[in-house]
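As C-alpha cells, the structure follows; a few thoughts come after it.
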Amino acid sequence: MTPLFHLLAVQAADPEVIDRIPSGYSHFVIPFTIGITFMLCWIGVGCIRLLAAIPQSDRLKFWKSLFLPKTIIKNLKDLFGDCLLHVKIWQRKPLLGYMHSAIAFGWFMLIVLGHIEVALFVPARLNVTRGGLFYPIFYRYFVWMNPGHTTLRGSFFFFLMDFFLLYVLSGIALAMFKRFRSIVLGMRHTTKPSLADRVALYSLWMIFPLRLLAESFTADLSGGSFLTVGVNHFWHLLFGDKLWFTPCWWAYSICLGLFFAAMPFSRYMHILTEVLWILLRNAGIQPHHPRKGVAEAEIYACSSCGLCLDACPMNVQKKNLKYSSVYFIRFLRRHNEKKINAIADKCLMCDKCHALCPVGVDAPALRRAQRATVNNSLPYDYSYLPSACAGQLSEQKVLYFAGCMTHLTPRIIKAVDRVFKAAGVEYAFADRDGGICCGRPLMLAGKTEAASKVIEANKKLIVESGCDTLVLSCPICYKIFKDEYHLEGIKVVHYTQFINDLIASGKLKVEKIDEKIVYHDPCELGRGCGVYYEPRAALGQAGTLVKASKEYDESVCCGGSLGSLTLDTRDRARISESSLEILLAEDPETIVTACPLCLKTFSEAVSNSRLPRKNVAVKDFAEVFCR
Amino acid sequence: MKNNILIIGGGPAGLEASAQLQRMGYNVILIEKAPKLGGHLAKWDRLFPDSVPADEVLGGLLRSAEGVKCFTDTDVRAINRLDKSYNVRLTNGITVLSDAVLVASGFDLFDAVKKEEYGYGIYDQVMTNADLEAYFKTGSDKRIENPGRIGFAHCVGSRDEKSGCRSCSKVCCATAVKQAIEIKQAFPKAEVYCFYMDLRLFGRHYEDIYLKAQKEYGVRFIRGRLAEVSENYDGTLQVKAEDTVAGKPLKVTLDLLVLMSGMRPSASGKAIGDLLEMTVEEDGYFAVRSGIAAGQRSPIPGIFLAGAATGPKTLPETLADARAAAMEIDRYLTEIFPDAKNYKQLVRERW
Amino acid sequence: MVDFGFGLVPSSRINLDLFDKDKYEELAAVEPDVRICMACGSCTAVCTAGKFSTTSLREAIEDIKNAQPAKAVEMLQACQLCGKCSMVCPRGINTRHLILSITKTYSTK
Amino acid sequence: MGKLYDLLMKDYRLKEGLNACINCGTCTAICPAAEFYRYDPRRIVDIVQSKDDDEIEKLLKSDVIWYCGECMSCVTRCPRKNAPGLIIMALRNLSIELGYFIESEKGRQMYLLTKDLCSNVLDYGYCVYPRRFDYEGHPEAGKVWEWEEKHLDDVFERLGGNLDGKGPGAMRRIPQEDLDQLKAIFDETGATARMETVRKAGERKAAELGMSVEEFSKMVYSQSDPKHLNH
Amino acid sequence: MIYEGKQKIWSEYQKEIPDDHYFYVRSCIRQSFFPASEATFLDITRNRLGKDIFETEHHTTCGGIAYHSDTIPQETVMTIIARQFALMAKNGYENYVCSCITSFGLYCETMETWREFPELEAKIRENLWKTCKLEFAKPKFLIHASDLIYKYRNLIAAQAVRKLVNVHTGEPLKVVEHIGCHYSKMFPSKGVGGAEYPYVLTGMIEAWGGEIVDYPERRHCCGFGFRQYFIKGNRGYSLSNTHKKFESMEPFKPDLIITNCPGCPYFLDRWQYVIAESTGKTYGPDGHGIPALTYEEVAGLVMGYDPWDLGLQTHQIGPEPLLDKMGVEYDPAKKYLGKNGKNIGEPLPCTCLKG
C-alpha cells in the first residue's frame with residue numbers, strides 16, 4: 001500500500017528488521033489504543049455534526065474549495081505555515097515560535113517518519129487489522145534489528161528519528177520552562193489551564209521523555225541513533241546488562257492514551273481542529289452563530305496559547321484578564337451562557353487579538369455574534385429615520401460625513417473644513433446639522449437588524465446626493481461604510497487617505513516644521529481597514545514622525561472604544577493611560593490620531609493621567625495640516 | 001493688665017473663640033444660657049461629611065477651652081456702654097466689666113410645626129433632623145420601628161418666604177444626605193427618598209457622600225419640594241411633590257418623614273441684640289461691618305460676632321469664624337482700645 | 001351602566017408605591033450606574049435620536065425610578081447606541097449598556 | 001422682554017401672582033388639573049417669567065392654559081408667594097383679548113361659557129339660574145334634578161325659596177333697575193366688549209369649520225380630545 | 001394623629017367675627033340647588049339666635065363664577081363687588097356675610113388687591129359712580145356664613161335636640177369635612193383654623209358631638225373647576241377629582257360629609273351618583289352613598305328641623321340611613337311632597353345607587 005518503499009534506492013539483501021513479537025501486540029498498547037480511538041471517534045463525529053450544521057450552500061462551498069487549485073495551495077501553505085511551523089508566532093516571538101514548531105513539527109515528523117519506517121521495514125503492519133493503529137507508534141518495541149545487516153538507509157532513519165525526538169524534547173523543555181517563567185519567551189500573561197488542560201499538558205510533557213526512556217531502553221534490540229543508543233549506553237553503565245524496559249513502554253503508552261483521551265476536552269484539540277478551521281476559513285465560510293456551525297471549528301481551533309492575553313488592552317488590569325478572547329472561547333466551548341455574555345460584552349473590539357492570533361481565530365466577530373444572540377431581538381423603533389434623512393444636499397462631488405463622534409469634537413470639523421478650503425476642495429457636508437448614526441455602534445452591540453435600518457437611511461441620503469467621493473473623519477463610520485454600505489460607484493475614503501492624496505497631488509501645500517509627532521493607529525482604521533500607510537506618509541511631510549513602542553497592528557486601543565458595552569470609566573482610564581505611555585516612548589511633542597474618539601480620550605487622558613508628561617499636545621490628523 | 005472679654009454663647013463658636021483668646025492671654029468669661037456647653041453640637045450624633053462623632057469634636061473644643069471662666073444657665077440681664085467698655089449684668093447676679101463682647105449666639109432650628117402642611121406635631125410619623133439625631137444618639141424613638149419607606153424633606157423653613165426665610169440654611173442638604181445614609185445603614189432594606197429643590201453640596205467631600213448615597217445606598221433624590229403630607233388610615237403618610245425633572249406630580253406612601261429644619265436666628269441672640277441695639281438684617285441675622293472684609297465686627301465698636309449669629313454656617317466655617325473673631329478682638333484690644341486719647345478717631349478709621 | 005358622555009380619567013400622578021424594587025435591583029445588578037444619574041440632562045442634550053424623536057435617557061431613568069418602566073422602554077427604542085451620551089455624562093455612566101440593560105430587564109417581549 | 005409679557009404685566013393678577021419662581025413644583029404637586037391633564041403649572045410660571053414672547057404666544061394659543069380649575073390650591077403652598085392660579089387667569093384674559101383662545105379646543109369653550117354665564121348675569125342677576133340648568137345637558141344632576149326641573153316652582157315653594165318672586169329670598173326676581181346697573185357695569189368695564197370679541201371669534205371659527213353656530217356650540221360643549229390626558 | 005398639635009394651630013388662626021348686625025348676601029349655586037339651606041341659616045340666626053341679619057332684594061351675583069370661568073374682566077367683577085358693598089353701606093351695615101365661598105374668596109382677594117394697588121380701588125370707585133351713582137365703603141368685617149354658625153356653634157349645641165351620635169351604638173358619627181378651596185387657601189389667616197387644618201367645620205362637628213375624621217385627600221378640591229364642570233367635555237376632570245377624594249376617604253368609613261361651599265355638596269353628592277351609575281361603585285354601606293350635607297343642613301338636623309324642610313330630599317344620595325343613625329324621625333311619605341302636601345310626583349329610582 002505504500003509506494004514509498006519503491007522510491008528508496010538503497011535496499012538490504014537480508015531483512016534488516018525482524019518482527020520481534022510475531023503477534024505484533026503487547027498489552028501495554030491498550031491505554032494508547034483506547035485514547036486514540038476515543039479521540040478519533042470524537043473528532044469524526046464532530047466533523048460530521050459540524051458539516052451537517054452549516055447551511056447547504058456553505059457545505060457546497062466547502063467541498064468545492066477542496067478541489068480549487070487556488071484554495072488547495074492556500075490550504076497547504078496555511079496548514080504548513082500555521083499548524084506545523086507556526087510562522088505567525090515565529091514572526092512575533094521567535095523563541096515561542098521555536099517552541100511551538102518544535103513540538104508540532106517535530107512530533108508530526110516523528111509520526112510521519114515512524115510510519116515510513118514501518119512501511120519500509122514491516123509494511124504488513126500498516127494494516128489496521130494487524131495493529132496499524134498502534135504499531136507505527138511503538139515500532140521500536142516490536143522490532144529487532146538484525147545485527148550486521150544495518151544499512152545506511154536504516155541508520156539514516158534512526159538518525160532522523162532521534163534528531164526529531166531531540167527537537168521535540170527541546171520544545172518540551174522550553175514549554176516546561178515557559179510554564180514557570182513565561183516572560184522569558186516574551187509572554188507576560190499565560191492562560192490559566194483547566195483540569196483537562198492540565199491532564200493533557202502533563203501527559204504531553206511526559207510523552208517524549210518517556211519515549212526517549214522507552215526507546216533507549218530497547219535500543220539494544222531495536223537499534224537507534226546518537227540519542228537513543230547514547231542514552232542506552234548510559235543505562236547499561238548505570239544498571240548493568242539487564243534492562244527492564246516494559247514499564248517504560250507502559251508509561252509511554254499511558255501518557256499517550258491520557259493525552260488523547262483528554263484532548264477533546266482540552267486546548268490541545270486545536271491541533272486537529274485547526275486543520276478543519278483553516279479549510280473552512282479558506283473556503284470563505286462565515287460564522288452565523290457564536291458557537292454553532294463553522295464557529296465550532298473556530299472555537300476548537302483556538303490553542304489557548306494566550307497570545308491574545310498580551311494583545312488585549314484590558315490586560316493593564318489583572319481583574320480584566322478574564323475577559324480576554326481565550327477565555328471567551330473557552331466558555332463558548334463550555335456553553336456557559338452567563339459567562340459568555342459577560343465576556344462578550346466587555347471587549348473593546350479593538351481586533352488586536354484577531355490580528356495576532358496564530359490560528360486566525362476572529363474572536364471579535366464571535367463576540368459580535370454572541371451579542372447578537374441577546375441584543376438583536378431587542379425592540380427598536382426607527383420610524384423617525386425618513387424625516388431625519390430627508391434634507392436635500394447640495395450637489396458636490398465630494399461629500400463629507402462627520403458622524404456622531406466628530407460632532408462631539410467640533411475641532412475636527414473645523415480643521416477638515418480649513419484643510420479642504422486650503423486645498424480648494426468643494427464639498428457638501430452630509431450631516432452639517434447633525435445626522436443619524438452610521439450603524440457601526442449598533443453592529444458592534446449585536447443589533448444587526450437595527451443597524452441595517454440605519455445603514456439604509458444613510459445610504460439613501462448619500463446615494464441621492466450624487467457625490468462620487470465620500471470622505472469620513474471617523475474610522476468607526478469609515479469601517480462600516482466600507483464594509484456594509486456597498487456604495488457602488490462612490491469612492492469611500494478616510495480623510496487621512498484623502499488628505500494624503502491632496503498632498504501627493506500637490507493640491508495641499510504642507511510646511512514641514514520641527515515637531516516630533518507620534519501617530520496613534522485607531523483600531524477601526526488600522527486593524528479594521530488596514531489603513532497604516534497614508535496617515536504616516538502625510539504626517540511625515542509635516543513633521544518628524546517618531547515611533548510608538550507599539551505600532552501598526554500592534555497598536556493599543558485608546559480605551560474609548562464603543563466596542564465595549566460594560567467596561568466602566570475607571571477601567572477605560574487605565575487603558576488610556578497605558579496606551580498613552582506606549583505613544584510617549586520616544587518623547588514626542590504631539591500625539592496625532594485620526595479618530596474623534598481617540599482624540600477625546602487622549603486629550604482627557606493627558607490632562608488626567610499620572611504620567612509625568614503633561615505638555616504633550618493631542619491633535620487631530622487634520623489639525624496638523626491647517627497650522 | 002489683662003482685658004476682660006465676654007463671650008455670649010457656649011456653642012462651637014463661643015468655645016473656639018474662648019480657647020483662642022485665652023491662649024492669647026486675655027481674661028475670657030463665657031456665658032451660656034443652657035445648662036450645658038456645646039450648643040446644637042451637643043445634640044448631634046455624627047457630622048458630615050466624614051461621620052465624625054459630634055462628641056469627639058465637642059470634647060476637643062471643651063478641652064482646648066479648659067480654664068475659661070464659664071457660666072452656664074446664665075443669660076445677659078442688662079448691658080451698659082461705658083466710655084469704651086461694656087458693663088454687663090448677668091442673670092446670675094454677677095456683673096462683668098468687659099472690654100470687648102463677642103456675640104456667638106448661634107441659631108435656632110426652624111420650628112417645623114410652622115410648616116403646617118408637613119404635619120409635624122400632628123402626624124405621628126413626621127420627625128425633624130434633630131429628632132433623628134437624637135434617635136441616632138439614644139437608639140430609641142417611638143416613631144422609628146423598622147420603617148420600610150423613609151422620606152427626607154429638604155428646605156423646611158429655608159428658602160421659603162411663607163416661613164419667613166428666603167435664604168438657604170446651607171447645612172441641610174449635606175445633613176440630609178448624611179442622615180439618609182445613616183438610616184439606610186440602620187435599615188438596609190428601607191427605601192429612602194430625598195425631596196430637594198437644589199442639592200447644595202458645595203464643600204469638600206460633600207459630593208462624595210451624595211454619590212455614595214446614590215451608588216451604595218440607593219437613595220433616590222427627587223427634585224421637587226414636598227408640597228403636602230397627610231396621614232393614611234393605617235397611620236402611614238401620604239406625601240406629594242412634583243418630580244420637576246419628569247414634570248409630573250408624584251405621591252408616595254412613607255413610614256417615616258424627616259423634615260430638614262433649617263437655621264433661624266436664635267431667639268435669645270435676638271434678645272441680646274435688642275439690649276445692645278445691634279442692627280439686624282432682613283433675614284433676622286446680625287449685620288456685620290462688611291460681609292467680605294470684616295465679617296466678625298458688628299457695626300458697634302467693641303462688639304464682635306462669630307458663628308451662625310451672622311448667618312447659616314457649617315461647623316468648620318463656624319470654627320474658622322471664631323478664630324477670625326479672636327484675631328479681630330486681639331487687634332482691637334491692642335491697636336485701638338489702649339489709646340485713650342485717640343480712641344474715637346481710631347475707631348472711626350479702623351473699626 | 002349609564003353613559004353620561006364623560007367618565008373617570010386616569011391619574012397622571014407618579015405613584016412610587018408601585019415601584020418594583022426587585023426588578024430595579026435586577027437592573028442595578030447588571031448596570032449599577034443607573035443609581036448615580038443626577039438628571040443633569042447632558043445625555044439628552046447631545047442625543048442623536050433625540051434630535052428627531054422624544055428620546056431622553058435622563059427621562060427614561062426617571063421613568064424607571066418613577067414606576068413607569070414601559071414608558072422608558074418605549075422611549076429608548078429610538079436609540080441608535082451611538083454613544084455620544086456616554087462621552088458627555090459627567091458621572092461617567094455607561095449609558096449604552098444602561099440603555100441595553102433597561103430594555104433587556106423591562107422589555108415585556 | 002417682549003410685547004406679550006408687557007401686556008401681561010399690566011394685569012394686576014400677574015403683578016400680584018408672579019414673584020420669582022424657583023421651580024420647586026409644590027404647585028404641580030397638589031394641582032387637581034395636573035393630576036388628570038398633561039399639565040404642569042410650574043412650567044407655565046416658568047415660561048411667563050422667561051419673558052419669551054414666542055413661548056408665551058404658544059402658551060396663549062394652546063390648550064394648556066385652560067386646564068386649570070382656578071381652585072387656587074397652589075397659592076397656599078408656593079414658598080415664593082407666587083399665585084400660579086392668578087397667572088393663569090391673566091394668561092387666559094390676554095388670550096381672550098387677543099382672540100388666541102379660539103385656536104385651541106379648550107380655549108374655544110370660552111365661546112359657550114361667555115354666552116351662557118354672561119347672559120345669566122345680565123338677564124337674571126345670577127351666574128347660575130335653575131331654569132337654565134337643564135337635565136338634558138346635565139345628566140349627572142341626577143334623577144332628583146330631573147324631577148326638580150319639572151316642578152321647579154313647587155320645589156322652591158316647598159323649600160322656602162322665592163323663585164322669580166318679589167322681595168328678598170332665594171332666586172327672587174332681581175329688580176330691573178339693578179339689572180340695568182349690571183349692564184352699565186358690563187359696558188363700562190369691558191365685559192360687554194369682551195362678550196362681543198368672544199362671540200365674533202366663535203362665529204368666525206364656526207364659519208371657518210363650515211359649521212352652523214348650533215353645530216359649533218354642540219361640538220364645543222362635548223368635544224374632548226384624549227391628547228389632553230396622560231395615557 | 002396628634003390632636004394637641006392641631007389644637008395649637010387652631011389657636012393661632014382665630015379670626016374676629018362680629019356679634020350682630022349682619023348684611024347677608026346669597027350664593028347663586030346655593031340658591032339654585034339648596035334654597036332651604038339659606039332659608040335655614042336665616043331662620044337660625046334670626047329666630048333661634050336672635051340676631052339682626054339683613055338681606056336686600058337689590059343685591060345680585062358677585063359675578064365670581066363668571067369671573068372664574070374667565071368670561072368677565074377683573075375690573076367688571078370688582079365693580080359688581082363694589083356695588084354690593086355700596087348696598088351694604090346704604091343700608092347701614094358694615095358686617096358683610098356671604099353665603100358663597102367663591103364670593104368670599106373673591107372679596108378677600110379684591111380687598112387685598114385694593115390694599116396693594118390703591119389706584120385700582122380708585123378706578124373701581126370711579127366706575128361705580130359712573131355706572132350706578134353709588135359710593136361704596138369696605139366692610140369692617142368680611143365673614144362667610146359658616147364663620148357665623150361656627151361662632152354660635154355652642155349656642156346651637158345648647159339648643160340642640162340631638163347630637164351627631166349614632167343612637168344605636170352611642171358612638172359619635174364619623175364626619176368628614178370639606179372646605180371650599182376659596183375659603184382659606186388663598187388667605188389662610190382669613191379662615192378659621194387656617195388653610196391646612198381649617199377649624200370652621202371641625203369646630204361645629206365637635207360642638208355637636210360628632211367625630212371629625214381626617215383623611216389624606218381632605219384638602220383636595222372637589223373638582224368643580226368652573227369651566228371644568230360647565231362644559232360637558234371637561235367633566236371627566238371634575239368627576240375624577242371627586243373620585244380621588246372618595247377613594248381616599250373610603251377606608252375611614254365616614255357617616256357624613258359636611259361642607260361649607262355651595263358647589264361642593266352638589267358635586268360630592270352628584271359625582272357619587274355618577275360613579276355608582278357608571279361603574280357600580282358606592283362608598284357608603286350596602287350600596288348607599290355617603291350623604292354630603294351643607295353645614296346649615298347639619299345644624300338644622302341637630303336643632304330638630306324636619307329633614308324635608310331642610311331640603312335633604314334634593315340630594316341624590318338618600319339621607320335616610322344617616323337619619324336613622326341619628327334617630328331623626330321623618331315621614332318617608334312626605335319626602336317629595338310640595339308645599340301643604342301637594343303631590344308633585346317623585347324622582348325615578350337609580351339603577352345602581354340605593355335611595
Side-chain angles (χ1 to χ4, degrees), chain A residues 341-342 345-346 371 374-375 377-390 403-409 431 433-447 450-451 453-454 457 476-477 560-573 596-597 600-601 604, chain C residues 26-37 42-57 60 69-109:
Chain A
N341 283 326
D345 287 354
K346 191 68 97 181
R371 290 174 183 184
V374 182
N375 296 343
S377 58
L378 293 180
Y380 63 91
D381 176 6
Y382 293 162
S383 46
Y384 59 87
L385 284 182
S387 66
C389 299
C404 306
M405 287 301 158
T406 309
H407 274 290
L408 266 190
T409 40
D431 54 344
D433 303 317
I436 55 166
C437 181
C438 63
R440 176 77 177 154
L442 280 168
M443 203 70 131
L444 286 170
K447 293 187 79 168
K453 303 283 174 214
V454 175
I476 303 166
C477 301
S561 165
L562 288 175
S564 175
L565 298 177
T566 52
L567 203 64
D568 67 32
T569 337
R570 279 184 201 188
D571 289 3
R572 283 175 185 271
L597 213 48
K600 199 163 160 51
T601 312
E604 280 164 21
Chain C
E26 212 177 282
L27 170 67
V30 287
E31 189 42 80
D33 283 359
V34 67
R35 295 187 198 278
I36 61 171
C37 170
S42 301
C43 48
T44 310
V46 297
C47 182
T48 296
K51 197 167 178 338
F52 309 104
S53 66
T54 54
T55 299
S56 158
L57 176 57
K71 271 171 76 184
V73 170
E74 203 198 323
M75 188 187 287
L76 294 179
Q77 287 192 20
C79 169
Q80 297 175 16
L81 290 176
C82 73
K84 277 163 97 174
C85 45
S86 67
M87 295 293 127
V88 297
C89 178
R91 276 279 174 88
I93 292 175
N94 188 349
T95 53
R96 297 168 73 237
H97 190 240
L98 181 56
I99 291 165
L100 286 169
S101 305
I102 289 172
T103 314
K104 263 181 250 178
T105 313
Y106 289 98
S107 224
T108 42
K109 219 176 90 180

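Order of the sequence lines fixes the chain letters, A, B, ..., with proteins taken first and strands second; residue numbering starts at 1 for each chain.
Each of N375(A), D568(A), V374(A) has some count of heavy-atom pairs under 4.5 Å with chain C, and the biggest count is that of N375(A).
Annotation for L378(A) and L100(C): closest pair CD1-CD2, 3.7 Å, computed over non-hydrogen atoms. Taking all atoms of both residues into account, the shortest heavy-atom contact from Q77(C) to P379(A) is NE2-CB, 3.6 Å. Between K84(C) and M405(A), the closest heavy-atom pair is N-CE, 3.7 Å. In terms of heavy atoms, H97(C) sits closest to D345(A) at NE2-OD2, 4.4 Å. Contact between L81(C) and P441(A) at its shortest, heavy atoms only, is O-CB, 3.1 Å.
With sequence neighbours excluded, the residues that form a ring pair (Phe, Tyr, Trp, His ring centres under 6.0 Å) with Y380(A) are Y382(A).
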Name every donor-acceptor pair, under 3.5 Å, that has one atom in a side chain of residues 44-51 of chain C and the other anywhere in the protein, sequence neighbours excluded.
residue : atom : partner : partner atom : Å
T44(C)  : OG1  : S56(C)  : OG           : 2.8
K51(C)  : NZ   : D433(A) : O            : 2.9

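Atom-to-atom distance recorded for E604(A):CD and M87(C):CE is 8.0 Å, nearest 0.5 angstrom. In this structure, I93(C) CD1 and T569(A) OG1 are separated by 9.0 Å, a value rounded to the nearest 0.5 Å. In this structure, SG on C82(C) lies 7.5 Å from CG on L408(A), to the nearest 0.5 angstrom.
With a threshold of 4.5 angstrom between heavy atoms, L597(A) approaches chain C through side-chain atoms but not through N, CA, C or O. For a residue to count as touching a neighbouring chain, one of its non-hydrogen atoms must lie under 4.5 Å from one of that chain's; by this rule K453(A) does not touch chain C. Heavy-atom distances place no part of C89(C) under 4.5 Å from chain A, backbone and side chain included. T601(A) does not touch chain C: none of its heavy atoms, backbone or side chain, sits under 4.5 Å away.
Side-chain atoms of E74(C) and D381(A), non-hydrogen and from C-beta on, never get closer than 4.5 Å to each other. For the pair Q80(C) and L385(A), the minimum side-chain heavy-atom distance is below 4.5 Å.
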